[in-house]
2 protein chains.
Amino acid sequence: MTTTQELTQAEAAYVDEIAEFFVGEGLPLIAGRVIGWLLISDPPEQTPAQLTAALQVSRSSISSAMRLLTPSGLVERTRRRGDRSEYFRIAPEGWSRMLMRRYSQTTAFREVTERGLELLAGAEPARRERLEQVTDLYRFLESELPALLERWRSRQQGGRP
Amino acid sequence: MTTTQELTQAEAAYVDEIAEFFVGEGLPLIAGRVIGWLLISDPPEQTPAQLTAALQVSRSSISSAMRLLTPSGLVERTRRRGDRSEYFRIAPEGWSRMLMRRYSQTTAFREVTERGLELLAGAEPARRERLEQVTDLYRFLESELPALLERWRSRQQGGRP
DNA sequence: CAGTCGTTGCAGTAATAACTGCAACGACGG
DNA sequence: CCGTCGTTGCAGTTATTACTGCAACGACTG
């Protein structure tokens with residue numbers, strides 16, 4: 001049986017604080033709350049049923065939220081052996097995975113600006129200058145950001161062979 | 001007099017391509033189009049009137065878009081001496097300024113996760129672990145990202161005392 | 001096979017947001 | 001002082017989206 005978990009006032013407030021942040025990032029409210037709760041929930045792994053109980057929302061909403069959150073790599077599904085139910089949790093590598101993904105649109109944008117330079121192929125240099133500058137910047141980021149995250153990841157597991 | 005500027009089909013398509021990208025980032029469509037057009041417009045500086053003509057939108061929308069775009073530092077207002085009208089353009093330092101601003105929410109988020117650790121002050125280490133990990137990551141980024149951008153900026157103007 | 005659990009799709013509602021068009025305002029140049 | 005230009009606020013329209021509740025489905029357990 002699943003013990004229906006009640007959030008304390010402080011916990012609920014904190015979950016909303018986290019949610020508010022991700023809403024600002026473009027996520028729907030419930031998805032933000034899921035992240036918030038998964039960050040502080042007492043068992044770090046939570047079944048969909050537990051999430052609906054804790055956050056007081058419909059099962060559909062939880063399901064939609066997970067469909068939204070898992071592709072980014074922040075939240076992942078786990079199963080326990082001998083347990084049919086599914087668990088969700090914040091992936092240990094979730095944050096860096098999420099950032100990796102976000103940084104990958106750096107590449108997407110650079111491709112767009114390069115296409116702009118093709119469009120202005122015949123134009124005077126002065127007109128092309130803006131696109132050239134931003135292309136340069138994004139190329140720079142594209143080469144540096146993955147290395148940055150890699151540096152962090154190796155520092156995290158540092159010393160472990 | 002303001003020459004009413006017609007965008008070629010290719011230009012309009014490219015403006016929309018850029019706009020689509022920024023819509024994905026959460027910007028309204030028109031603001032995205034303004035960025036797109038300011039990236040390739042023949043005079044890089046454009047008056048509000050020129051923008052309404054080029055993008056075929058109401059003056060209100062242009063005004064709102066500028067109110068939205070200028071605080072981030074991407075777009076800036078310029079004036080020419082002896083010319084009462086106002087010009088907008090992509091700021092030369094606009095992109096790095098915009099990224100600076102975006103990175104600053106790294107700090108905001110770290111503060112939220114730290115507040116979470118206060119909330120879980122009495123909890124077992126296993127429960128605090130998630131928040132500790134993400135706090136560590138964001139502290140790392142917080143220290144590295146500004147340096148990264150600074151490196152680019154100095155590389156841009158390299159050699160100039 | 002019966003029961004449970006999670007997913008998915010759909011209809012309906014409510015809230016939000018973008019955009020337009022209009023009107024009023026202030027600043028400035030001729 | 002008149003005309004132009006940009007800004008701002010507001011009403012109204014339209015489109016989008018989040019969320020709920022329900023129903024159907026498949027997978028798996030006991």
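In this text, all values refer to a predicted model and were calculated from it rather than measured experimentally. Chain A is the first sequence line, chain B the second, and so forth, proteins listed ahead of strands; every chain is numbered from 1.
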Roughly how many Å is it from [atom1] in [X] to [atom2] in [N], rounded to a whole number?
{"X": "B:Met66", "N": "D:dT8", "atom1": "CE", "atom2": "P", "result": "12 Å"}
{"X": "B:Ile62", "N": "D:dT7", "atom1": "CD1", "atom2": "P", "result": "10 Å"}
{"X": "B:Tyr87", "N": "D:dT7", "atom1": "OH", "atom2": "P", "result": "13 Å"}
{"X": "B:Leu27", "N": "C:dC19", "atom1": "CG", "atom2": "P", "result": "10 Å"}
{"X": "B:Leu55", "N": "C:dA18", "atom1": "CG", "atom2": "P", "result": "17 Å"}
{"X": "A:Gln46", "N": "C:dG6", "atom1": "CD", "atom2": "P", "result": "12 Å"}
{"X": "A:Leu69", "N": "C:dG6", "atom1": "CG", "atom2": "C1'", "result": "16 Å"}
{"X": "B:Phe22", "N": "C:dA18", "atom1": "CZ", "atom2": "C1'", "result": "19 Å"}

Under a 4.0 Å threshold between the charged nitrogen and the carboxylate oxygen, would A:Glu93 count as salt-bridged to A:Arg97? no
5' precedence on DNA chain D between A:Ile30 and A:Ser60 (nearest-nucleotide basis): A:Ile30
Reckon B:Arg67 has a side-chain N or O less than 4.0 Å from the OP1 or OP2 of D:dG6? no
Would you say that B:Gln105 contacts B:Arg102 through its side chain, given a criterion of any heavy-atom pair below 4.5 Å between the two side chains? yes
Is the shortest heavy-atom distance from the side chain of A:Gln46 to the side chain of A:Phe88 under 4.5 Å? no
Heavy-atom pair with the smallest gap, counting every atom of A:Thr113 and B:Tyr14: CA-OH, 3.5 Å
Nearest to the side chain of [X], which nucleotide is it out of [options]?
{"X": "A:Glu86", "options": "C:dT20, D:dT20, C:dT7", "value": "C:dT7"}
{"X": "B:Arg77", "options": "C:dT7, D:dC19, D:dT7", "value": "D:dT7"}
{"X": "B:Thr47", "options": "D:dG6, C:dA18, C:dT7", "value": "D:dG6"}
{"X": "B:Pro48", "options": "D:dT7, C:dG6, C:dA18", "value": "D:dT7"}
{"X": "B:Ser63", "options": "D:dG6, C:dT7, D:dT8", "value": "D:dT8"}
{"X": "B:Ser61", "options": "D:dT7, C:dC19, D:dA18", "value": "C:dC19"}

The answer to which of B:Ser64 and B:Arg59 contacts DNA chain C further toward the 5' end, by nearest nucleotide, is B:Ser64
Give B:Leu29 one of three labels, base, sugar-phosphate or nothing, depending on what nucleic acid heavy atoms sit under 4.0 Å from its own. sugar-phosphate
Students often mix this up, so state it plainly: with edges at 30° and 60°, are the rings of B:Phe22 and A:Phe109 parallel, tilted or perpendicular? perpendicular
